[in-house]
Amino acid sequence: LEIRRAGAAVGRSLQLCIGSAEDANNHLEVGPDAGSGVIPKLTVRADGRVGIGTAAPGAKLEVLDGDVILKAVGDDPGDLIFQDKNGAQKGRVFANSTPGAGLNLSSADNTPRITINDQGLVGVNTPTPNRAVTIRGTAGTYLNILADGGTHEVLIGADANGGIVSTMTNHDLVFRSGVNTTRMTIQAAG
C-alpha cells in the first residue's frame, strides 16, 4: 500500500497504490467499522472494478441499493443493466453498436423496446424509426391517448382492417383544422 503525490507543481494528483498488479484481490474498501472490521460501502479493485454497496463488483461499475442492482457491463461499457437482488435481469439501457446510431432501452430479454437515434427519432418496438415517433407491432398496433384522467380516450393505429381512428369512450369524434376549428363531428351514436 502506498500513498503519494505525483505530477508537476501544477495539476498534481494524490495517488493511492493498492497493489503491484491488476488483480481483483488487491482492493480498497471504504466504510464504517462496527468493531469487527470495515463494512465495505465503496470498493475499488486493482482490476478496475468499482462497487458501491457491494464488496465484490461483477462489472466495471456495480451499484447495489436494496433490491436493485445497476451495472455498467465490462464487455460493453456503454451498457447499464438493471437486476434484482437474485441476479435476474429486469431491463437494460445500451448504446447502439454503430457509433452515433442511438440509445436503446430494452426489456429483460435484451430486445430493444424504445430507441432514440442520433437524429432524435423515437422508435417503440423498432430500432429503426423513420418518423419523429414510429410504433411497430405485430397484429393490431395502436397509440392510446387518455385525457381527463381516462374519461376521454382516443385510439389511433392500424390493423388488418386498415387505419384506425376511434374514440374508446362514449364521446364524439371531432375533426379540426385551421387554428383548431371544428370542421366535422361524428357523434358517438354514429
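Quick note: residue numbers are just sequence positions, from 1. Remember, predicted model here, so these are calculated numbers, not experimental data.
- No donor-acceptor pair under 3.5 Å is formed between the side chain of Asp172 and the backbone N or O of Val174.
- Thr181 places a side-chain N or O within donor-acceptor distance of the main-chain N or O of Gly178, the cut-off being under 3.5 Å.
- Under the side-chain contact (heavy atoms from CB on, under 4.5 Å) test applied with Thr126, the options Ile135, Thr115, Ile114, Thr134 reduce to a single match, Thr134.
- In this structure the side chain of Asn144 reaches within 4.5 angstrom of the side chain of Glu153, judged on heavy atoms.
- The number of heavy atoms from other shown groups lying within 6.0 Å of CZ (Arg131) does not exceed 12.
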Side chains of residues 158-167: which donor-acceptor partners sit under 3.5 Å, not counting sequence neighbours?
from   : atom 1 : to     : atom 2 : distance (Å)
Asp159 : OD1    : Asn161 : N      : 2.9
Asp159 : OD2    : Tyr142 : OH     : 2.7
Thr167 : OG1    : His171 : O      : 3.1

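- Side chain of Asp148 to main chain of Gly150: no donor-acceptor pair is present (N/O by atom type, distance under 3.5 Å, no hydrogens or angles).
- Counting only heavy atoms from C-beta outward, the side chains of Leu14 and Ile3 approach each other to under 4.5 Å.
- Separation of atoms OG1 (Thr185) and CZ (Arg176) is listed at 8.0 Å; rounding is to 0.5 Å.
- To the nearest 0.5 Å, the span separating OG1 on Thr43 from CD on Glu62 amounts to 10.0 Å.
- In this structure, CZ in Arg45 is found 8.5 Å from CG in Asn25, a value given to the nearest 0.5 Å.
- The line from CG of Leu155 to CG of Leu173 is 11.0 Å long, rounded to the nearest 0.5 Å.
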- Evaluate the side-chain contact (heavy atoms from CB on, under 4.5 Å) criterion for residues Arg113 and Asn125: first the C-alpha distance (whole Å), next the side-chain angles of each, then the deciding distance (0.1 Å), finally the verdict. CA-CA 5 Å; Arg113 298 296 182 198; Asn125 287 330; 3.4 Å; yes
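- The distance from the CG atom of Asn117 to the CD atom of Gln119 is 5.0 Å, given to the nearest 0.5 Å.
- Heavy atoms only, all atoms of each residue included: Ala55 and Pro40 are closest at CB-CG, 3.8 Å.
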